[in-house]
Amino acid sequence: MKKITIAIDGFSSTGKSTIAKQLANTLTYIYVDSGAMYRAVTLYAMQHKFISESYFYVDNLISSLHKINLTFKFNKELGFAEMYLNGINVENEIRTLEVSKFVSKIAEVSEVRKKLVEQQQKMGINKGVVMDGRDIGTVVFPNAELKLFINASAQKRAQRRFDELFKRGDKVTFDEILKNVEYRDHIDSTREDSPLTIAKDAIVIDNSEMTLDEQFEKIYAIALQVINKS
Ligand code: CDP
């Protein structure tokens, strides 16, 4: 079967990565979580004290970008690739609310976007890739055969993210998660470089009232149709 490129965009915590992983595993495609890359750069910036609640030394981050090496390594047990920052597995660290608080500021920086988009395009060069993020259908793979835009109510999204972090044992409140989700949505959609927008040819899916199985069935059927037509 011919391999295609699947681009999945949408607001924060819409479950993009869940559906992207399911699709990639079923189709034996590569899954790339582009958000993990922005999160890893954010972690680097935090570790090097380039960003905090009260400052952001953006020039220092830009001049250090060449020192940031991002790689994905497939973890067989988990069934997906984990994020490595300069050779260190940071998969857990990048998912904290602390990183979520700064990531959208980091993702506004054009130099950061340029570096990551180049790497993402290389990863998708042979097709057979499912990538999720904010600018995948609009900037990274404007020619993707299938573009999905996933949405859900802010309340539902915050609840899902809260459950996820609570299960891991993170000490977070629903209110701070909701605030973070809304804050990131705002910055991501209004930034100058590659704002989150719905690509003209994207299929929009609201999964507020869908179970994971329902969502997968619906989207997998769409994917098969597109693959058969390609
Ligand atoms: O929390 P969630 O899983 O929804 O977000 P993520 O996919 O991990 O992405 C974290 C943040 O990275 C987003 O809020 C954006 O600011 C940024 N991002 C981006 O700008 N472009 C992408 N292609 C992916 C993520």
Side-chain angles (χ1 to χ4, degrees), residues 5-21 31-46 51 56 61 70 72 80-83 85 90-124 129-142 144 147-154 156-165 168 170 172 176-199 202 207:
T5 301
I6 302 180
I8 305 183
D9 290 302
F11 292 104
S12 60
S13 314
T14 38
K16 298 180 298 292
S17 66
T18 305
I19 182 65
K21 279 179 206 158
Y31 163 58
V32 181
D33 174 357
S34 70
M37 300 169 73
Y38 289 93
R39 286 173 177 275
V41 173
T42 305
L43 183 65
Y44 182 93
M46 289 162 70
I51 193 163
F56 181 13
L61 173 64
L70 303 177
F72 285 101
F80 65 89
E82 294 181 295
M83 186 80 247
L85 167 60
V90 292
E91 186 58 37
N92 278 328
E93 264 175 289
I94 59 170
R95 308 287 165 194
T96 59
L97 181 60
E98 210 50 34
V99 170
S100 296
K101 281 185 184 162
F102 299 122
V103 65
S104 290
K105 293 308 281 179
I106 300 285
E108 276 186 312
V109 180
S110 290
E111 288 81 353
V112 171
R113 303 204 69 81
K114 187 168 179 287
K115 175 183 166 91
L116 300 196
V117 169
E118 272 171 21
Q119 192 175 343
Q120 290 153 7
Q121 288 172 333
K122 276 191 197 142
M123 289 189 274
V129 66
V130 185
M131 193 175 293
D132 76 328
R134 302 292 187 285
D135 59 343
I136 311 304
T138 50
V139 175
V140 181
F141 299 128
K147 297 181 187 178
L148 297 164
F149 189 96
I150 315 285
N151 203 359
S153 70
K156 278 268 156 114
R157 295 188 279 124
Q159 188 62 49
R160 290 174 186 161
R161 182 53 50 96
F162 174 75
D163 293 345
E164 204 174 294
L165 294 180
R168 286 176 16 146
D170 289 12
V172 290
E176 56 184 347
I177 301 277
L178 179 62
K179 249 196 224 144
N180 179 256
V181 159
E182 289 175 335
Y183 165 75
R184 279 196 289 136
D185 287 351
H186 176 70
I187 299 192
D188 293 346
S189 331
T190 55
R191 69 180 171 221
E192 234 167 78
D193 188 348
S194 321
L196 170 64
T197 51
I198 306 178
N207 66 13

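Since we're looking at a predicted model, the values are computed, not measured. Ligands are counted one by one from 1 in listed order, and the atoms in each one are counted from 1 as well.
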> Closest non-hydrogen protein atom to atom 17 (C) of ligand 1, residue and atom name please, with distance?
Replying inline: Ala107 CB, 3.7 Å
>> Donor-acceptor pair, distance only, cut-off 3.5 Å: does the side chain of Arg157 make one with the backbone of Ser13?
In response: no
> For ligand 1, is there an N or O atom under 3.5 Å from any N or O atom of Arg95?
Replying inline: no
>> Students should be able to answer this: which protein heavy-atom is nearest to atom 21 (N) of ligand 1, and at what distance?
In response: Arg113 NH2, 3.0 Å
>> Within the 4.0 Å heavy-atom shell around Gly133, which atoms of ligand 1 are there?
In response: 22 (C), 23 (N), 24 (C)
> Which is it for Arg161 and ligand 1 at heavy atoms under 4.0 Å: side chain, backbone, both or neither?
Replying inline: side chain
>> Distance check, rounded to the nearest 0.5 Å: Ile198 atom CD1 versus Leu148 atom CG?
In response: 12.0 Å
> Under 3.5 Å, side chain of Lys147 to main-chain N/O of Pro142, donor-acceptor pair present?
Replying inline: yes
>> Evaluate Arg191 for polar contact with ligand 1, using N/O atom pairs at a separation under 3.5 Å.
In response: yes
> Could you state the interatomic distance from CZ (Arg161) to CG (Asn180), rounded to the nearest 0.5 Å?
Replying inline: 8.5 Å
> Which ligand 1 atoms does Asp188 reach within 4.0 Å, using its non-hydrogen atoms?
Replying inline: 13 (C), 14 (O), 15 (C), 16 (O)
>> Please report whether ligand 1 has a polar contact with Tyr38, defined as an N or O pair separated by less than 3.5 Å (distance criterion only).
In response: no
> Salt bridge check: are Lys179 and Glu176 linked by an N-O gap of less than 4.0 Å?
Replying inline: no
>> Please list, in number order, the atoms of ligand 1 under 4.0 Å from a heavy atom of Ser12.
In response: 4 (O)
> Does Ser104 reach ligand 1 with a nitrogen or oxygen that is under 3.5 Å from one of the ligand's nitrogen or oxygen atoms?
Replying inline: yes
> Between Glu111 and Lys115, is the closest basic N to carboxylate O distance under 4.0 Å?
Replying inline: no
> Can you tell me the protein heavy atom closest to atom 24 (C) of ligand 1 and the distance?
Replying inline: Ser34 OG, 3.3 Å
> In Å, rounded to the nearest 0.5 Å, how long is the span from CZ of Phe72 to CD of Glu82?
Replying inline: 11.0 Å
>> With the threshold set at under 4.0 angstrom, would you say Met131 reaches ligand 1 through any of its heavy atoms?
In response: no
> Is there a nitrogen or oxygen of Asp33 sitting under 3.5 Å from a nitrogen or oxygen of ligand 1?
Replying inline: no
>> Tell me the nearest of Arg134, Lys105, Met37 to atom 5 (O) of ligand 1, using heavy-atom distances.
In response: Arg134
> Under 3.5 Å, is there a donor-acceptor pair between the side chain of Lys16 and the main chain of Asp132?
Replying inline: no
> For Pro195, does its backbone N or O pair with a side-chain atom of Arg134 as donor and acceptor, under 3.5 Å?
Replying inline: no
> Do Arg95 and Ser100 have side-chain N/O donor and acceptor atoms under 3.5 Å apart?
Replying inline: no
> Between the side chain of Asp188 and the main-chain N/O of Ser104, is any donor-acceptor distance below 3.5 Å?
Replying inline: no
> Nearest heavy atom to atom 10 (C) of ligand 1: which of Lys16, Gln120, Arg184, Arg160 does it belong to?
Replying inline: Arg184
>> Out of Ala20, Ser100, Gly35, who is nearest to atom 6 (P) of ligand 1 when you count heavy atoms only?
In response: Gly35
> Which heavy atom of the protein is the closest neighbour of atom 8 (O) of ligand 1, given with residue, atom name and distance?
Replying inline: Arg39 NE, 2.7 Å
> Are a donor atom and an acceptor atom from the side chains of Asp33 and Ser17 found within less than 3.5 Å of each other?
Replying inline: no
> Relative to the heavy atoms of Asp135, which atoms of ligand 1 are at a distance of less than 4.0 Å?
Replying inline: 21 (N), 22 (C), 23 (N)
> Should Ser13 be listed as contacting ligand 1, given a heavy-atom distance under 4.0 Å as the test?
Replying inline: yes
